[in-house]
Amino acid sequence: MFDYAAHGLNAPTARPEIPDRPQTVAEVLDPVLARDPDRPALVGRSGRYTYRELDREANRAAHALRALGIAAGDRVAACLPNDVAIAVAFLASMRLGALWVGINRVLAPREKVDILNDSGASLLLAPPDVHVELAGAADLGALRARVAVDPGGSRDEWRAHVARQPDTRPDADLDAWGPAAIAYTSGTTGKPKGAVHSQHNILLPGAVTAAVGLYPTGAAQGTVLPLTILNLFVLGPVQAWQYGVCSVAMDRIDAVGVAEWVERERICTFAGVPTVIHDLLTHPDVRPEQLASLVQPLIGGAECPEEFRELYRKRFGADVAIGYGMTEAPTAVTRAEGEPAPAPGLCGKALPQCAISIRGD
């Protein structure tokens with residue numbers, strides 16, 4: 001059992017199970033593997049995987065991490081674009097019991113170094129340009145290895161590591177309630193702080209939405225914002241796999257690029273920010289028929305004016321849901337959809353897995 005006190009953490013006082021669903025992210029693919037393993041599971045610019053193929057690739061990646069010296073409790077940092085490699089590495093980390101640390105690519109070098117040091121990361125997976133960017137850093141704390149990820153390029157060290165590993169699932173003693181990821185806050189009151197989450201926490205939001213049937217069955221779900229943000233893994237791939245559908249790692253945030261992804265992969269939902277919806281509504285090269293499958297986009301991160309929602313209804317015949325989320329939750333806390341909000345600035349009711357209390361004016 002994980003030694004919580006030794007890491008400055010409080011042990012959970014209760015360990016309720018998620019009913020009739022996997023208890024760890026490591027097992028999140030298993031229900032579909034048992035009934036329909038050749039169903040599409042993951043799509044990105046660099047490749048496509050069925051559930052069977054993704055399972056095997058995640059196993060190889062987990063063995064690759066172990067060969068690079070990663071053990072349960074070690075921190076694996078990734079500073080990667082939205083594509084299949086980051087999703088495979090995330091699953092691999094969960095299957096080893098390592099702690100995942102996403103580092104946003106747009107952060108300044110000093111900010112990247114601060115997160116590497118604060119998290120105690122042992123390994124960094126990043127494109128060659130990020131490794132060059134950090135080459136002059138004097139102190140990278142506990143970092144023992146840096147591996148270049150360069151899909152289709154000549155310097156894809158990660159691909160080489162993964163390719164030579166077995167595809168059997170690695171043995172690991174996993175604790176669904178033990179630390180599994182460190183998500184860094186925006187740092188509005190100083191340097192970003194690391195919020196520690198368990199595999200249970202990462203699974204819970206998607207398990208709830210799947211249990212209530214929030215999104216259409218069988219339809220692909222997309223991720224348009226950076227997967228280096230843990231919340232986007234929760235709302236994106238992890239949720240999609242709990243629905244047994246395909247997760248699409250979208251690598252463009254411009255309106256034309258988003259519309260192309262949605263049209264090509266028939267995406268039914270993604271979590272975005274108001275500017276994404278604004279650009280889809282106003283760009284002259286986005287045709288309404290391109291977004292016909294996008295029936296329930298979720299908007300968070302900033303207030304979404306009711307005018308946006310009404311214009312989206314008129315142009316695309318669907319509703320935009322509004323959500324409020326927190327790094328510490330993780331992700332979604334409230335949701336509002338359908339009818340206009342009763343007052344500007346409101347963002348819905350608490351989701352089933354959340355309780356909200358007002359502690360002051």
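Start at 1 with the first residue, then count along the sequence. All of these numbers come straight from a predicted model, not from anything done at the bench.
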Item to complete: For the residue pair Phe308 and His278, categorise the inter-ring angle as parallel (less than 30°), tilted (30 to 60°) or perpendicular (more than 60°).
Response: tilted

Practice prompt. Identify whether the distance between the nearest side-chain nitrogen and carboxylate oxygen of Asp118 and Lys193 falls below 4.0 Å.
Written response: no

Worksheet item: Taking NZ, NE, NH1 and NH2 as the nitrogens, is one of them in Glu310 or Arg313 under 4.0 Å from a carboxylate oxygen of the other?
Response: yes

Worksheet item: Going by an N to O cut-off under 4.0 Å, is there a salt bridge joining Asp251 and Arg45?
Response: yes

Worksheet item: So does Asp55 pair up with Arg95, basic N to acidic O under 4.0 Å?
Response: yes

Response to the item:
Output for pair (Ser119 OG, Asp114 CG), nearest 0.5 Å, gives 10.5 Å

Worksheet entry | SB check Asp36 Arg39 (cutoff 4.0 Å) | yes

Discussion item. Looking at Ile253, I want to see if its CD1 is surrounded by more than 12 non-hydrogen atoms of other residues, nucleotides or ligands under 6.0 Å.
Written reply: no

Item to complete: Check whether any side-chain heavy atom of Pro237 sits under 4.5 Å from a side-chain heavy atom of Leu227, and report yes or no.
Response: yes

Discussion item. What's the separation between atom OG in Ser198 and atom CZ in Arg15, rounded to the nearest 0.5 Å?
Written reply: 9.0 Å

Discussion item. Between the side chains of Arg159 and Glu57, is the shortest nitrogen-to-carboxylate-oxygen separation below 4.0 Å, so that they form an ion pair?
Written reply: yes

Item to complete: Return yes if some donor-acceptor pair links the side-chain N/O of Tyr243 with the main-chain N/O of Tyr215 below 3.5 Å, else return no.
Response: yes

Worksheet item: Going by atom types only, do Thr209 and Gln239 share a side-chain donor-acceptor pair under 3.5 Å?
Response: yes

Worksheet item: CG/Leu42 to CD1/Ile86 distance, rounded to the nearest 0.5 angstrom?
Response: 11.0 Å

Discussion item. Any side-chain to backbone donor/acceptor pair from Thr269 onto Gln296? Under 3.5 Å, distance only.
Written reply: yes

Worksheet item: Under a 4.5 Å cut-off applied to non-hydrogen side-chain atoms, are Met250 and Val262 in contact?
Response: yes

Practice prompt. Answer with yes or no whether the side chains of Ser122 and Arg75 bring together a donor and an acceptor at under 3.5 Å.
Written response: no

Worksheet entry | Residues that Gln165 engages under side chain to side chain donor-acceptor pair (under 3.5 Å), provided they are two or more places apart | none

Worksheet entry | Pairwise distance OH(Tyr324) to OG1(Thr331) - rounded to 0.5 angstrom | 11.0 Å

Discussion item. Surrounding CZ of Arg48 (heavy atoms of other residues, nucleotides or ligands, distance under 6.0 Å), is the total greater than 12?
Written reply: no

Response to the item:
Quick note, side-chain hydrogen bond (donor to acceptor under 3.5 Å, both in side chains) partners involving residues 125-135, not counting sequence neighbours, are Lys112-Glu133

Item to complete: Could you check if a side-chain atom of Ser247 sits within less than 4.5 angstrom of a side-chain atom of Val43, using non-hydrogen atoms only?
Response: no

Worksheet item: According to the interplanar angle, ranging from 0 to 90°, do the rings of Trp177 and His200 count as parallel (below 30°), tilted (30 to 60°) or perpendicular (above 60°)?
Response: parallel

Discussion item. With heavy-atom distances below 4.5 Å as the criterion, would you say the side chains of Val295 and Phe316 are in contact?
Written reply: no

Discussion item. Tell me whether Glu157 contacts the main-chain N or O of Ala148 through its side chain, where contact means a donor paired with an acceptor under 3.5 Å.
Written reply: yes

Worksheet entry | Between Ser46 and Asp83, a side-chain donor and acceptor under 3.5 Å | yes

Discussion item. Quick check for you: to the nearest 0.5 Å, what is the distance between Ile299 atom CD1 and Tyr312 atom OH?
Written reply: 8.5 Å

Worksheet item: So do the side chains of Pro170 and Arg66 get within less than 4.5 Å of each other, counting heavy atoms only?
Response: yes

Worksheet item: Just how far is it from atom CG of Leu203 to atom CD1 of Ile18, taken to the nearest 0.5 Å?
Response: 4.5 Å

Worksheet item: If you count the non-hydrogen atoms of other residues, nucleotides and ligands that lie under 6.0 Å from CG in Asp20, is the total more than 12?
Response: no

Worksheet, complete the sentence: Here the pair of heavy atoms bringing Pro226 nearest to Leu232 is O-CB, 3.5 Å

